[in-house]
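One structure is given here, and the rest of the page talks about it.
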Amino acid sequence: MPAEVERALEDAGLMEAYQARPPYQRNDYLGWIDRARRPETKARRLRQMLDELARGDVYMKMAWRARPRI
């Protein structure tokens with residue numbers, strides 16, 4: 001995980017919400033942010049990830065519900 005993403009998650013108090021997401025979502029978010037070429041795009045994507053984690057019911061602008069752990 002890039003240091004700036006880790007720092008943003010910790011500063012926002014969302015590391016636990018991030019860790020609770022399935023591995024494919026965590027990987028998608030990190031890859032999506034990393035593929036941004038412009039710093040503005042990278043910052044916008046990071047904000048979107050943080051907003052979605054804070055809401056808890058959205059993943060990449062799509063409705064998402066966590067499955068109960070068995």
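A quick note: this is a predicted structure, and the numbers were derived from the prediction, not measured.
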(request) State, with a plain yes or no, whether a side-chain heavy atom of R37 is found less than 4.5 Å away from one of K42. (result) no

(request) Please write out which residues are connected to L14 in a hydrophobic cluster, directly or through intermediates, given that two of Ile, Leu, Val, Met, Phe, Trp, Tyr count as joined at side-chain heavy-atom separations below 4.5 angstrom. (result) M1, V5, L9, M15, Y18, Y24, Y29, L30, W32, I33, L46, M49, L50, L53, Y59, M60, M62, W64

(message) To the nearest 0.5 Å, what is the distance between CZ on R26 and CG on D28?
(response) 11.0 Å

(message) Donor-acceptor check, side chain of R44 to backbone of E40, threshold 3.5 angstrom: yes or no?
(response) no

